[in-house]
There are 2 protein chains.
Amino acid sequence: MEQRVDPSPTLQDVAKEAGVSVATASRVLNGSSRTVGKDNVERVLRAAGKLGYAPNLSAQATARGSTKTVALVVSDIADPYFSTLAAGVLEGAEAAGLIVTMAVADRSAERECRIVATLRGYRPHVIIVAGSRLDGPRDALVEELRAYVAAGGRAAVISQPGLPFPTVAIDNAGAAKDLALALADEGYRRFAVIRGPAGLHTSRDRCDGFLAGLRQAGIEVCRVLDTEFTEDGGYAAASRLIAAGLDDVELLFAVTDAMAIGAMRAVRDAGLVPGHDIAVAGFDDIGPATDVSPALTTVRVPLHEMGKRAMDLALSGADPAEVQWMPTQPVLRTSTPTSTPDSVS
Amino acid sequence: MEQRVDPSPTLQDVAKEAGVSVATASRVLNGSSRTVGKDNVERVLRAAGKLGYAPNLSAQATARGSTKTVALVVSDIADPYFSTLAAGVLEGAEAAGLIVTMAVADRSAERECRIVATLRGYRPHVIIVAGSRLDGPRDALVEELRAYVAAGGRAAVISQPGLPFPTVAIDNAGAAKDLALALADEGYRRFAVIRGPAGLHTSRDRCDGFLAGLRQAGIEVCRVLDTEFTEDGGYAAASRLIAAGLDDVELLFAVTDAMAIGAMRAVRDAGLVPGHDIAVAGFDDIGPATDVSPALTTVRVPLHEMGKRAMDLALSGADPAEVQWMPTQPVLRTSTPTSTPDSVS
DNA sequence: GACGTGTTGGAATGCGTTTTCCCCACGCAT
DNA sequence: ATGCGTGGGGAAAACGCATTCCAACACGTC
């Protein structure tokens with residue numbers, strides 16, 4: 001059984017079928033400024049329908065010199081943090097009639113840079129990079145992006161203020177500080193924080209901000225645990241903490257919801273009850289944060305909104321130095337009950 | 001301050017800079033079958049580096065008549081089910097040197113079809129549609145996809161056996177039956193199931209399979225609740241059930257982890273303890289299933305693997321009728337404790 | 001009926017690549 | 001010398017489309 005492949009119909013095919021020139025066919029099929037005769041419109045449309053014509057977007061792109069795509073690079077699409085961001089970007093793109101091509105950098109700065117270089121080959125309308133969770137120098141990335149905008153592209157980044165491109169970000173330190181104050185206000189006094197590698201801005205800012213908040217509340221001592229920036233990292237750190245005895249800690253703050261959820265698992269696995277024997281708080285308010293029980297106290301970050309905003313920012317040709325700060329807000333849930341939990345003796 | 005845009009350097013620029021023809025430049029810059037003189041290679045490479053040349057992939061695509069992209073359409077990228085699938089596809093694409101462009105259909109069959117039509121314009125190397133959670137007739141989609149493969153494209157679908165394209169799927173009914181049997185084996189006798197709209201194959205198959213399993217275990221009666229195919233749907237249905245009194249149910253099976261998690265929330269909000277007052281089970285084993293507490297009993301579906309496999313399947317030019325059945329497996333966790341939970345009186 | 005004025009169709013040109021096709025020079029055997 | 005294969009180079013024709021430029025034509029006005 002032969003598999004016959006007759007290539008996609010081209011504009012020429014449509015034109016011939018309709019008995020008009022390619023020029024007119026092109027004009028009706030993509031709403032040029034020129035007007036076309038009523039009956040010709042009709043005929044072209046019918047021909048296109050009959051042939052199942054779909055314009056070759058690549059050819060269109062080379063002819064026009066511009067595309068209708070946005071390139072999005074994220075660290076890990078399976079992470080709710082990034083998938084929510086991505087959903088926002090997709091929504092914004094949809095609204096603007098753009099389609100998005102996306103690649104994952106797998107939390108490697110080097111891969112991220114290579115990806116941007118590749119994506120740049122598509123001459124996308126805009127490039128958005130959401131890679132706050134990467135480590136290492138961003139010089140290569142900046143250079144790549146700079147070349148892109150020098151050639152007329154629009155770029156935007158998410159969560160990495162300091163880069164010379166329009167940015168949407170949150171005040172990690174401030175938000176963490178607010179959370180600390182809110183928690184202190186609830187009566188908590190003895191804290192431990194779980195954070196990621198020192199090289200990570202996000203982690204550092206949140207940890208520092210939290211500690212600053214505690215200091216402002218008159219709390220000076222606080223245990224700080226270093227670990228991986230993942231759920232398993234949170235599990236490991238919490239396990240360590242528990243093994244060392246947590247007589248002197250009432251509340252465990254992890255710089256990330258994922259880590260906090262890992263920590264909660266460790267607490268449970270140790271036979272303790274999170275929210276009862278020890279309070280837990282996270283940061284990001286990803287979807288699962290409200291599903292775990294006790295529901296996780298955290299700081300709400302408008303992830304979806306941020307993705308959309310990044311699109312708008314890039315599209316609007318914002319000033320490279322513009323940083324759009326998004327509002328955050330501590331949300332206290334049952335993982336940090338109002339009455340100070342009984343310490344386990 | 002003028003924003004000077006000098007467009008990206010073209011192959012011509014590189015050729016001129018190197019003092020050779022575009023033909024040779026093209027040959028060295030993308031490894032054609034032709035061989036090029038040693039020194040010319042050197043010069044072209046240096047020129048390209050100096051100019052920061054990045055080939056215009058669109059132009060390349062029109063010239064070659066083929067692209068190196070795969071188009072992926074999912075229902076909702078923020079849903080862990082789909083984002084895990086997407087991660088698998090991305091991994092497979094990466095391995096094949098392809099980049100993926102992706103769009104979300106927002107759980108609308110009509111949008112899904114339109115999206116495929118648009119994506120087709122990019123003449124992608126392969127199209128993968130993962131839309132198991134859609135309702136309604138797929139004829140338009142099938143037609144669109146058929147036109148695509150007729151023109152030489154490779155298509156694959158995930159989780160919708162019956163469509164005339166290579167498919168990776170799981171045996172929903174069988175898996176649900178296995179789960180039912182395993183649960184009956186644990187001693188459970190009184191069940192209720194929460195399912196989605198009747199038009200959804202996935203929902204129907206899982207519910208029917210579960211009931212079949214129960215029957216096989218000698219259990220005939222079972223309450224069935226209809227609701228939305230979402231977490232909130234699960235919440236609503238469970239609330240209804242609880243309001244009606246759940247003296248006669250020990251275990252609540254929701255056809256989806258998301259729905260099950262919603263149900264657990266409802267249980268807790270009613271002042272009961274899931275896993276203690278009533279057992280809960282789901283289906284899919286999405287990430288959050290292991291994070292909630294009690295950890296959710298469910299059937300493990302190799303989502304990530306399925307995404308990757310779909311790529312391979314499409315790439316291998318599989319027979320349109322080929323359905324790759326992926327293994328599933330009930331995983332019993334603490335939301336269905338081994339000792340039958342005490343019924344609440 | 002000559003002359004703008006507007007509208008519409010088509011031919012031609014260009015976009016950045018790839019890919020034929022042709023040519024040249026060189027080395028080797030006859 | 002002549003013939004011939006071969007490795008390497010360039011000119012130019014696609015690729016599928018957008019767009020600019022021109023010609024043709026219709027209409028209305030003086």
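All values below were derived from every heavy atom in this structure, side-chain atoms included, with hydrogens, water molecules and symmetry-related copies excluded. Note that the structure is predicted; figures quoted are calculated from it, not measured.
- Distance B:Leu11 CG to C:dG16 C1': 8 Å, rounded to the nearest Å.
- For A:Lys38 and A:Glu42, the salt-bridge test fails: no basic side-chain N is under 4.0 Å from an acidic carboxylate O.
- Note on B:Tyr53: a side-chain N or O is less than 4.0 Å away from OP1 or OP2 of C:dT17.
- Comparing B:Ser21 and A:Gln12 against DNA chain D, the residue whose closest nucleotide sits nearer the 5' end is B:Ser21.
- We find that A:Arg114 and A:Glu144 are not joined by a salt bridge, their nearest charged nitrogen and carboxylate oxygen being 4.0 Å or further apart.
- Atom CG in B:Leu29 sits about 13 Å away from atom C1' in C:dT18, given to the nearest Å.
- Listed pair A:Gln60 / D:dC17 fails the phosphate criterion, with no side-chain N or O lying under 4.0 Å from OP1 or OP2.
- Where A:Ser8 and B:Lys38 meet DNA chain D, the nucleotide closest to each residue was compared, and B:Lys38 sits on the side nearer the 5' end.
- For A:Asn40, a side-chain nitrogen or oxygen approaches OP1 or OP2 of C:dG9 to under 4.0 Å.
- Proximity note for B:Asn56 (side chain, C-beta onward) versus D:dG16, C:dT17, C:dA11: the nearest is C:dT17.
- Straight-line distance from the NZ atom of B:Lys16 to the P atom of D:dG9: 20 Å, rounded to whole Å.
- Each of D:dG10, C:dC15, C:dG16 was ranked by its minimum atom distance to the side chain of B:Val20; first place goes to D:dG10.
- Using a 4.0 Å heavy-atom criterion, one finds that A:Thr10 contacts the sugar-phosphate atoms exclusively.
- Between D:dT19, D:dC15, D:dG10, one nucleotide has an atom nearer to the side chain of A:Ala23 than all others, and that is D:dT19.
- One can place CZ of A:Arg64 at 13 Å from C1' of D:dG16, the figure rounded to the nearest angstrom.
- Salt bridge A:Glu17/A:Arg46: absent, no basic N to carboxylate O contact under 4.0 Å.
- Heavy atoms of B:Thr62 sit under 4.0 angstrom from at least one base atom.
- To the nearest angstrom, C1' of D:dG16 lies 9 Å from CZ of B:Arg123.
- The residue A:Val22 sits apart from the nucleic acid: no heavy atom pair falls under 4.0 Å.
- If you run side-chain contact (heavy atoms from CB on, under 4.5 Å) between A:Ser58 and each of B:Asn56, B:Leu57, B:Thr62, only B:Thr62 comes through.
- Applying the 3.5 Å distance criterion, the base of C:dG10 shares a donor-acceptor pair with the side chain of A:Arg27.
- When side chains are defined from C-beta on, B:Met311 counts as touching B:Ile128, because their heavy atoms get closer than 4.5 Å.
- Checking the phosphate oxygens (OP1, OP2) of C:dT17, no side-chain nitrogen or oxygen of B:Asn30 falls inside 4.0 Å.
- A salt bridge links B:Asp79 to B:Arg107: one of the charged nitrogens lies within less than 4.0 Å of a carboxylate oxygen.
- No engagement by B:Gly65 is indicated, since no non-hydrogen atom pair under 4.0 Å with the nucleic acid exists.
- Side-chain nitrogen and oxygen atoms of A:Thr24 include none within less than 4.0 Å of the OP1 or OP2 phosphate oxygen of C:dG9.
- Put simply, NZ on A:Lys68 is 12 Å from P on D:dA18, counting in whole angstrom units.
- Residue-to-nucleotide contacts include a donor-acceptor pair under 3.5 Å from the side chain of B:Arg34 to the base of D:dG9.
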